[in-house]
Amino acid sequence: MQQKVRFQIEGMTCQACASRIEKVLNKKDFVESAGVNFASEEAQVVFDDSQTSAADIAKIIEKTGYGAKEKMEDALPQPEETAHVSWRLWLLLAINIPFLIGMAGMMIGRHDWMIPPLWQFALASVVQLWLAVPFYKSAWASIKGGLANMDVLVTIGTVSIYLYSVYMLFFSPHAAHGMAHVYFEAGVMVIGFVSLGKFLEHRTKKSSLNSLGLLLKLTPTQVNVQRDGEWKQLSIDQVQIGDLIRANHGERIAADGIIESGSGWADESHLTGESNPEEKKAGGKVLAGALMTEGSVVYRATQLGSQTLLGDMMNALSEAQGSKAPIARVADKAAAVFVPAVVGIALLTFIATWLVKGDWTVALMHAVAVLVIACPCALGLATPAAIMVGMGKAVKHGIWFKDAAAMEEAAHVDAVVLDKTGTLTEGRPQVAAVYCVPDSGFDEDDLYRIAAAVEQNAAHPLARAIVSAAQVRGLDIPAAQNAQTVVGAGITAEVEGAGLVKAGKAEFAELTLPEFSDDVWRIASIVAVSANGKPIGAFALADALKADTAEAIGRLKKHGIDVYIMSGDNQGTVEYVAKQLGIAHAFGNMSPRDKAAEVQKLKAAGKTVAMVGDGINDAPALAAANVSFAMKGGADVAEHTASATLMQHSVNQLADALLVSQATLKNIKQNLFFAFFYNILGIPLAALGFLNPVIAGAAMAASSVSVLGNALRLKRVKIE
């Protein structure tokens, strides 16, 4: 049986490290697929648990030279520790100071600012023989694994400079006259700049990129709980399901629960993306993380920790951010051959420069600059960094993408297929007109009773409307037995006093409606009823458009996205709604199979299709679409099938999802362009001698940080 497991990986220094772990895991017969995200430092592995275990996979990763800690699915993501400057980096930066002063002096002609050669040797030795050891370990582990990472380039370059300078200081013919040309400062400063760049990169990945830290802060650490008849302040880990908890004005809800007493208003925008507070009163629900903006409530905890909606969202976000988008394969392929190619270019640079210039010192500096300027990190971070920020932005808008591939696909959508009921409309239709078949033997109250008896076994909004209308009339609803749903048509049941009753589409109940003068019969949804094979009447149910539907359709059309309505409702009703919204493509009387087939036709015509739905009958079309969105709280099969979940039943949120995806993909392309352009431009400049190793080291350190900085711009992008 296939099982999916996630690991937190420790010790990766660039994309080549991630590629090496992937390569090792994917070679195993029992591994179905393995992906490693350099930005989130996470591995996701699908494997056959009859042949191996998660613990064994962790050992395989550890043998490649990295740490692997399994992330438990039922546990909340843990807050990341704040990255602090280590003593090693502080010491390294301190050693860099005299060399920086010396280089500044050399730029203005004050060569006496540089410390004496023997002092340079002493400080450089501390760096190369002690502080740079982590680079050597990483480089050696990488080489043993069959791939070369960034640390291999840094190691080759700085060790070459150090050994050359030692030779020139102690063994060259010029050493005795004090005229030796040494370059200790280059090796020291390269190690310093690269180490500082790694720290900044690590801190950005752990804090700024990931939105989980902000979500974790939404759950209070201390809460007021009633124990033994008294209110006590307890830590959140002491709360149990069933406890009564009090939340006052300005406090956050600690668990999903049911309000026992009190009232107020709560801001649940962290889950729904809707900024308007919701009224809370006895009998209503509260959600973990919500902020009480007014009032005070006492609620009984029903779900805690990872079982809450907030916990579910955090785990979903963590898994989605750790996944890889298909576009990342571009960088992965480049990273796999990047370091060997750079080493080859550096060697050619050394030989060519020596032959042209006749000076092997100059040739060495050019070659080292090539090694140091090259940066596979920027390539490795280009896609996952943007995905992590984009996922976080989507969650803030109440959109949960299942994985990075879904977000990337959503960015290409140019056709949206919408169901009508519950998607474009409120999904709370009301009975607008009733028709009783003459001489059927059943009056209007009978029609209500019989229809309600059958429809109380269905979850469709039309069914709920009929049951509610019968209850409002004060009618006794008879019992119904052996209820069966005919997907896309209606429902049948044995009703006491009426026999076998069918309720659903007109043709399902074998009813031919007469021509009505009232327009409501042409635009409303029709539920026909028959008893023992004879039609007895029908209901016309009207459903109002959602307040923001017209705005949402306008946003989609503004961005060049074609909109289609596909509904099981009658064609007249669907066309009426489409006309109100300015939608040119309207399809009614569609079964689940019809919807899926029409989606396939759109795809065959070259469209990238997004489908939105919330019912069981939408599942086939959701599965057929390129990317699909389910409404939270709809049918489980719809949510399971869909690529993403919308926390609000709003097409506006769909527009947000598509636009966030487009902004994320645009950011990815910018990052990839920068990463490739940086290396394509930087390596030739270094080879031709326009960049010395120190400047190359600084540029390399800045490149990955620049990619991360561009990814962070996504947080400020306006979605309109």
Side-chain angles (χ1 to χ4, degrees), residues 13-16 99 103 106-107 124 127-128 132 135-136 138-140 142-143 147-169 172 180-194 197 331 333-380 674-704 706:
T13 60
C14 72
Q15 179 59 36
F99 288 104
M103 287 200 68
M106 293 173 67
M107 292 175 66
V127 172
Q128 293 292 161
F135 285 90
Y136 306 153
S138 173
W140 177 241
S142 177
I143 292 171
L147 288 172
N149 62 10
M150 179 190 73
D151 290 339
V152 172
L153 300 177
V154 174
T155 296
I156 294 174
T158 57
V159 169
S160 299
I161 291 174
Y162 177 74
L163 293 177
Y164 167 79
S165 298
V166 168
Y167 169 79
M168 293 299 292
L169 180 62
S172 76
H181 294 286
V182 294
Y183 297 93
F184 289 115
E185 76 282 356
V188 170
M189 294 176 71
V190 165
I191 294 292
F193 282 135
V194 173
K333 290 178 180 179
V337 298
F338 187 87
V339 174
V342 169
V343 172
I345 293 171
L347 183 60
L348 290 174
T349 297
F350 178 81
I351 295 171
T353 306
W354 191 2
L355 292 175
V356 173
K357 300 270 188 182
D359 187 335
W360 70 283
T361 301
V362 174
L364 178 63
M365 290 301 104
H366 287 197
V368 170
V370 169
L371 291 170
V372 175
I373 193 73
C375 185
C377 289
L379 283 172
F674 173 80
F676 279 110
F677 180 77
Y678 163 83
N679 285 292
I680 290 171
L681 180 64
I683 291 174
L685 287 176
L688 294 172
F690 292 106
L691 299 172
N692 64 42
V694 174
I695 296 175
M700 190 264 273
S703 63
S704 56
S706 298

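Keep in mind it's a predicted model, so treat the numbers as computed, not measured. Position 1 is the first residue of the sequence, and the numbers go up from there.
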Restricting to non-hydrogen atoms, name the atom on [X] and the atom on [Y] that form the minimum distance, rounded to 0.1 Å.
X: P340; Y: V337; value: CD-O, 3.5 Å
X: V342; Y: V370; value: CG1-O, 3.9 Å
X: L153; Y: A374; value: CD1-CB, 3.9 Å
X: W354; Y: A363; value: N-CB, 3.6 Å
X: A699; Y: I373; value: CB-CD1, 3.6 Å
X: L691; Y: A369; value: O-CB, 3.3 Å

Gap separating the [atom1] atom of [X] from the [atom2] atom of [Y], nearest 0.5 angstrom:
X: L347; Y: I351; atom1: CG; atom2: CD1; answer: 4.5 Å
X: D359; Y: T353; atom1: CG; atom2: OG1; answer: 10.0 Å
X: H366; Y: N692; atom1: NE2; atom2: CG; answer: 9.5 Å
X: L681; Y: F676; atom1: CG; atom2: CZ; answer: 15.0 Å

Check the pair F338 / N679 against side-chain contact (heavy atoms from CB on, under 4.5 Å), numbers first and verdict last.
-> CA-CA 10 Å; F338 187 87; N679 285 292; 3.2 Å; yes

With sequence neighbours left out, which residue pairs that include part of residues 149-163 fulfil the salt bridge (charged side-chain N to carboxylate O under 4.0 Å, His left out) condition?
-> D151-K198

Using side chain to side chain contact (heavy atoms under 4.5 Å, CB included) as the criterion, point out the one residue from V127, V190, V188, L163 that pairs with T158.
-> V190

Angle class for the Y164/W360 ring planes (parallel below 30°, perpendicular above 60°, tilted otherwise)?
->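 Rings of Y164 and W360: perpendicular, over 60°.
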
So, do W140 and Y136 have ring centers that fall under 6.0 Å from each other?
-> no

Residues V194, F135; criterion side-chain contact (heavy atoms from CB on, under 4.5 Å); working and verdict = CA-CA 10 Å; V194 173; F135 285 90; 3.7 Å; yes

Can you name the ring-ring contact (aromatic ring centres under 6.0 Å, His included) partners of Y678, sequence neighbours left out?
-> none

Step by step, would you call M365 with I161 a side-chain contact (heavy atoms from CB on, under 4.5 Å)?
-> CA-CA 8 Å; M365 290 301 104; I161 291 174; 4.1 Å; yes

